[in-house]
Amino acid sequence: MTAPRLEIDLDKIHDNASLLVRRLADRGVSVTGVTKAILGSPEIAKMFLRAGVSGIGDSRIENMELIRRADIPASMTLVRSPMLSDLRRVVTLADASLNTEKDVIQGLSRAGREMQRAHGVVLMVELGDLREGIMPADIEDAVGETLRLPNISFKGIGANLACRSGVAPDAQKMSQLSSLADSIETTFGITIELVTGGNSANLQWALSGANVERINDLRLGESILLGCEPLHRKPIDGLHTDAFSLTAEVIESKSKPSLPWGDFAQSAFGDRPPTVDRGRVQQSILAIGRQDADPDGLQPPPGVEILAASSDHLILESRARGVAVGDEMTFQLNYSALVRAMTSPFVAKFLNVGGVAVRS
Ligand SMILES: *Cc1c(COP(=O)(O)O)cnc(C)c1O
């Protein structure tokens, strides 16, 4: 079979999505299924929808285009603030977007008027992680300006935590977002439809039995795909953590000294050379590298250790077993490795449905 290849088990993704949708529905929280890590794969988007997600979220308009072209009838939200240079495409392809900038929202309104369409705006609030968001003190002004604009429908507010600084979306942060929703409703005499609390990092809070107050939506990608919560990278009870696997082929396997020799300068990626002499070791090279996956995010099979990686060589030591040229080796991936493998044109993608693998 082609190597390297990423094998994707659609049934496991469906199981994961449907369990999270059900557990959160019990708490009055809907799931926006985020497809950016799988490059907007229409097949996976369909699985998300079949599992009961309320809509699709993606950060890339190109991915939305792919989903629209596959005629998937889903409400779609751009989960990154639109580029000013891209507003017509955003209004054409996305039903709504997450926003933080007045100029962008005004531009969306103009594009909407030209194209005779309405666009939904969710205003993001900065709660301390210091990625996107309007400072809480400025949110009411932003709501007022948004409500005045033609061809814009104000959908609600949201927050995103953990991604940049690792600030946890805990009860206190979510309570602050809920209070902002309440005070916006009082000030403007409106009902806020959507309060989207965050990403997969919010699951620990959401599934802990805490009062979710006004939070009625989470935007989930990683947890559905990898079965893990990103705050502590722990598996979530009942979810599959092996829906994805990456297989690569051995192109060299030899007994070699564990220490390099010669005069030392810099390596290609700034890695330090090994300094402990462990005698000769069984070293293998796989035809996959940093262009195809994040080596730090690959979990090798038992008895195998990743020693180093360059652009297109992954260097391993195998203790437990003999490894021959032509053998294949399969790895589990974390989010970083998954995103890179999905994005590499050199990695073939196979979708497994009901035990049948189809190249996509
Ligand atoms: C990527 C992203 C998500 C989904 O994050 P996961 O950790 O994959 O669940 C949600 N919201 C925003 C704004 C994002 O950028």
Side-chain angles (χ1 to χ4, degrees), residues 13 16-17 19-21 23-24 29-41 44-45 48 51 53-64 76-83 90 94 96-101 104 120-134 155-169 173-174 177 194-207 215-236 239 241 243-244 294 297 333-343:
I13 292 174
N16 284 0
L19 194 67
L20 286 171
V21 164
R23 282 197 198 155
L24 289 169
V29 175
S30 64
V31 173
T32 297
V34 176
T35 48
K36 67 189 184 203
I38 36 94
L39 310 191
S41 154
I44 297 177
F48 280 12
V53 304
S54 61
I56 297 291
D58 204 296
S59 52
R60 310 275 175 163
I61 207 74
E62 292 80 2
N63 293 346
M64 291 194 168
M76 291 211 281
T77 302
L78 185 68
V79 300
R80 186 173 70 180
S81 185
M83 291 186 277
V90 172
S97 53
L98 307 186
N99 285 272
T100 62
E101 289 287 349
V104 173
V121 163
V122 180
L123 293 175
M124 296 296 276
V125 185
E126 174 62 70
L127 293 182
D129 195 55
L130 294 182
R131 207 181 69 178
E132 73 273 42
I134 298 162
K155 291 272 175 219
I157 60 172
N160 195 74
L161 287 154
C163 284
R164 178 188 163 186
S165 312
V167 172
K173 298 290 185 193
M174 291 301 104
L177 190 63
L194 183 75
V195 184
T196 178
N199 53 55
S200 293
N202 284 56
L203 281 172
Q204 195 178 32
W205 160 80
L207 299 174
I215 312 302
N216 61 9
D217 178 79
L218 291 180
R219 311 174 303 273
L220 303 182
E222 176 170 356
S223 51
I224 300 178
L225 300 170
L226 296 177
C228 276
E229 61 81 30
L231 275 188
H232 307 99
R233 299 255 130 75
K234 288 223 184 77
I236 299 169
L239 298 195
T241 55
F244 294 83
D294 174 1
L333 309 90
N334 74 4
Y335 191 72
S336 167
L338 170 64
V339 167
R340 204 148 350 139
M342 277 302 303
T343 313

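Residue indices begin at 1 and follow the sequence shown. Please read these numbers as outputs of a predicted model, since none were measured by experiment. Computation of the quantities below employed the complete heavy-atom set of this structure, encompassing side-chain atoms and omitting hydrogens, waters and symmetry-equivalent molecules. Whatever order the structure lists ligands and atoms in, that order sets their numbers, starting from 1.
Residues lining ligand 1 at a heavy-atom distance below 4.0 Å are given as Val34, Lys36, Val79, Leu98, Arg131, Glu132, Asn160, Asn199, Ser200, Arg219, Leu220, Gly221, Glu222, Tyr335, ordered by chain and residue number.
For Glu101, the side-chain hydrogen bond (donor to acceptor under 3.5 Å, both in side chains) criterion is met by no residue, not counting sequence neighbours. Judged as a salt bridge (Lys or Arg N to Asp or Glu O under 4.0 Å), and not counting sequence neighbours, the contacts of Glu222 are Arg233. Here Asn16 pairs with Ile224, Leu239, His240 under the side chain to side chain contact (heavy atoms under 4.5 Å, CB included) rule; sequence neighbours left out.
The nearest pair of heavy atoms linking Arg219 to Thr196 is NH1-OG1, 2.9 Å. Closest non-hydrogen pair, Val122 versus Gly158, comes out as CG1-N, 4.0 Å.
Checked against Asn160 for a side-chain contact (heavy atoms from CB on, under 4.5 Å), the options Glu126, Arg80, Met124 give a single hit: Met124.
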